[in-house]
Amino acid sequence: MNNPFFEEWTAHHGAIPFDRIKTEHYKPALLRGIEEEEREIDAIANNPEAPTFQNTIEALEYTGALLNKVEGVFYNLMECDGTDEMLALAEEMQPILSKHSLDISLNEKLFQRVQTVWEQFKANDFAGLTTAQQRMLKAHYEGYLKAGATLQGEARERWRTVCSELDSLRLSYGQNVQKATGEWSYQLNAETDLDGLPDFYTESLKANGYKVTLLAPSYRPFMQYSARRDLREMLYRAYNSRCTSGQYDNTDNIRRIVTLRQEQADLLGFQTFADMRLTNTMAKTPESVNNLLNQLLDAYKKPAMADVAAVAARAKADGITDFQPWDFSYYSEKLKTEKYNFNDALIKPYFSLERVKKGVFGLATNLYGVTFRKIDVPVYNPDVECFEVIDRDSTLLGLLYTDFFPRETKRPGAWMTEFRGQHINPDGTEQRPIIQIVMSFSKPIGQPTDSTYTPSLLTYDEARTFLHEFGHSLHGLLTKCTYPSQSGTNVAHDFVELPSQFNENFIDEKEFLDTFAADWQTGEPIPQDLIDRLHKAQTYNSAYACLRQLSFGMLDMKFHTLGALANGSIQMADVERKPTDKYPQLGNIEQFEKEAMAPTKLMNTVDGTMMCTSFTHIFSGGYAAGYYGYKWAEVLDADAFAVFKREGLSNAETAARFRHLLESGDTIDPAELYKQFKGDNPSIEALMRRDGIVK
Ligand SMILES: [Zn+2]
């Protein structure tokens, strides 16, 4: 069979031949990829020579090239163009892939070699290894420990079962959310149901046959602008009861996932799953995570209550005496408009996608000398574009694909992924990265030649999201590392949001807005007084937003520190451990969530709604016991941006230091890397100042 995955992709710097990849190519390619890696692993494990750093650790870095190549395409496409066939194949392949990775992590001969190398170097104070190599050796060794390599007998078999069941539960959880979100819609009556909705939004509704959905570009503006309280309530309930019952119910998945993760921790001798997960992060322990979350809770709770009280008061002026969560966005938006004369309808004409793109790409040119050139290569959907990313010295940094518009086959939200990462091959040649950013902006309406044409116009938040994902993509594109496991965004999960969140800061800077924001029809630049109003509105509801993030972070930590219940250091009403249960069992999930979120609660909780049943970050993505990382990295990003503000937003020397941070991947301890940039440790002060909590 003529399978494109079995060929070397040499055209256009390794651009992916999407025009030739068909669904039927994935399975044979995945299976051959597994076989090849098995052979490679066998060769390392059974090498007759004594184990060395080169023949064991380095060799492990380069196994699985074909499998990585196929998975890089398959899983990214499953998320942004996932046909039923692909979803079914993912389910079919999951146990096979899960077994494959367990066969590697539980390979005893292999582990013995890794352990021998580790012990030899440790005894000699790691002489002969670079800092990056030392980190890598440690990561491999500890990675094996955390993957159950030292478990014996029954425990070893149990570990295998638990890991593979967890893989399957995570997949099922994520698919439930994707389906429940994608399938819901409500047919609005164009005569009676559009009260309060701005033109830009009704235009996009009209293009969709007046169907409102739970996808972000549809759901969010409806909640913000619809004057129809009954419809807001209906939408709110639909959104927040996704996967709480029925066909896509995730509550049992949550129970199983949480219990099995606790069992993993137990098997490896950690008190809780969070303890296990946090060892190779900046935070290191649940205590330091909880310290940060509580420190922020103390500082932000009162201002957040004031934020909500002000919005509720505005609602009361309109006769709403029983303020509900579905009133918050609507009255918050109203109040913001009245207070600052600033809202999305005012900003959108200046934020056409083409112009924002110019600004966002231009930021990288200004700071790092990087340019973007659109190239004509096959794409998997006509909405997708591909760019060559060129460095200051004209060398190629990599390829960047962009996928901006929602589809039914696309997971909601925004993210950055790698089709392939950067590294130096054993023969000394370099593989440059192929990166993608995926977003869900509203589509242009009509064709540019139509008189009624409207381009994709972004909201302020959407432009911010674009900057965020673009920040991740720079982390992936600028990287200059030797080994695959250390390059690009392969860094501690509480450090990985620094480059992305750092980039978001520019959205509030006149210097940046002036580079692109202009009316899409007249070309007239964004007026100074609109920027001024935007500045004033910058801290509006920032304390509320912080509490929201804290509530997610705390919920995550509660789910993943259940082991602490056993010794009584944490007590929660809805978790019990009967004498017959080996692990604490979650009872009523809704109650559990309520209790976990109580410290951050600012509004009524609505019966029958839950956040955790669609909390894909922690139950199907990689953020378990890691959601706090957004806040952790926010301390860093505010601090880093304060350095730029002090030294000049376009200061070449400051930008060069930040570029070094972006290039370094995981070759240096992140705390040390940050210190190299700033010349000092980060402090929480800059974040509180930016949020207007301290003046
Ligand atoms: Zn991010």
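Just so you know, ligand 1 is whichever comes first in the structure, and atom 1 is the first atom listed for that ligand. Hydrogens, waters and symmetry mates are skipped; everything else that's a heavy atom, side chains included, is used. Here, residue 1 is the first one in the sequence, and each next residue gets the next number.
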The Zn ion (ligand 1) has as its nearest N, O or S atom from Glu497 the atom OE1
task: State whether Glu469 contributes an N/O/S atom found under 2.8 Å from the Zn ion (ligand 1).
output: no
Looking at Lys480 and Glu430, does any basic side-chain N land under 4.0 Å from a carboxylate oxygen? no
The single option from Phe351, Phe405, Phe404 that satisfies ring-ring contact (aromatic ring centres under 6.0 Å, His included) with Phe441 is Phe404
Result for side chain to side chain donor-acceptor pair (under 3.5 Å) between Lys410 and one of Asp383, Asp403, Asp81 points to Asp403
Problem set entry | Pair Arg659 + Glu663: basic N to acidic O under 4.0 Å | yes
The atom of His468 among N, O or S that is nearest the Zn ion (ligand 1) is NE2
